[in-house]
Amino acid sequence: MSGEDWRDEYYTLIADCRKRERLLSAWDADFLDSIEARLDDMKPLSPKQTECLEGIWERATSKG
């Protein structure tokens, strides 16, 4: 076991998005809050939530 938490990659994507918060919509910011709370509670993301997070990350990081 590598000692890495299964949530680490998600937290990294969320942090990357938050660094570019000015590029996020209000809905995006609320979604990040909700999935971060879910991860904090050790609940996995659904495939659709993961896809949405990746989409937000793609949009935010492609703009700067």
Side-chain angles (χ1 to χ4, degrees):
M1 187 169 177
S2 67
E4 288 186 31
D5 190 307
W6 62 269
R7 302 170 297 168
D8 289 348
E9 183 177 351
Y10 295 122
Y11 283 131
T12 298
L13 293 176
I14 292 167
D16 283 350
C17 292
R18 291 195 192 281
K19 289 177 194 171
R20 298 159 177 88
E21 197 158 13
R22 71 191 186 289
L23 303 172
L24 302 178
S25 70
W27 188 91
D28 292 340
D30 289 344
F31 178 78
L32 294 175
D33 289 343
S34 74
I35 61 169
E36 189 168 36
R38 184 173 182 82
L39 293 169
D40 289 346
D41 289 340
M42 300 294 287
K43 295 178 182 174
L45 300 184
S46 71
K48 187 166 183 152
Q49 288 170 317
T50 300
E51 182 179 328
C52 188
L53 171 58
E54 289 170 350
I56 293 169
W57 181 87
E58 290 279 337
R59 285 193 314 276
T61 58
S62 71
K63 295 177 184 175

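Excluded from the calculations below are hydrogen atoms, water molecules and symmetry mates; all remaining heavy atoms, backbone and side chain alike, are included.
Atoms CG and CZ, on D40 and R7 in that order, are 6.5 Å from each other to the nearest 0.5 Å. Expressed to the nearest 0.5 Å, how far CG of L24 lies from CZ of R59 amounts to 8.0 Å. Here I35 contributes atom CD1 and L45 contributes atom CG; the two are 5.5 Å apart, rounded to the nearest 0.5 Å.
When every heavy atom of R22 is checked against every heavy atom of K19, the shortest pair comes out as NH1-O, 4.2 Å. R38 and P44 get closest at one heavy-atom pair: NE-O, 2.8 Å.
Side chain of D8 to backbone of D5: a donor-acceptor contact under 3.5 angstrom is found. Of the possible polar contacts, one joining the D28 side chain to the S25 backbone as a donor-acceptor pair under 3.5 Å is found.
Side-chain contact check for D16 and Y11: no donor-acceptor pair (N or O, by modelled atom type) lies under 3.5 Å.
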List the atom pairs, with distances to 0.1 Å, where a side-chain N or O of residues 49-56 and a protein N or O form a donor-acceptor pair under 3.5 Å, not counting sequence neighbours.
| from | atom 1 | to | atom 2 | distance (Å) |
| --- | --- | --- | --- | --- |
| Q49 | OE1 | S46 | N | 2.8 |
| Q49 | OE1 | S46 | OG | 3.4 |
| T50 | OG1 | S46 | O | 3.1 |

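Side-chain contact between L39 and I14: present, with at least one pair of heavy atoms (C-beta onward) separated by less than 4.5 Å. Counting only heavy atoms from C-beta outward, the side chains of R20 and T61 approach each other to under 4.5 Å. Residues E36 and R18 meet the side-chain proximity criterion, which asks for heavy atoms closer than 4.5 Å.
Using bins of under 30°, 30° to 60° and over 60° for the plane-to-plane angle, the ring pair W6/Y10 lands in the perpendicular bin.
Hydrophobic cluster membership is shared by F31 and L13, with clusters built from Ile, Leu, Val, Met, Phe, Trp and Tyr side chains linked at under 4.5 angstrom.
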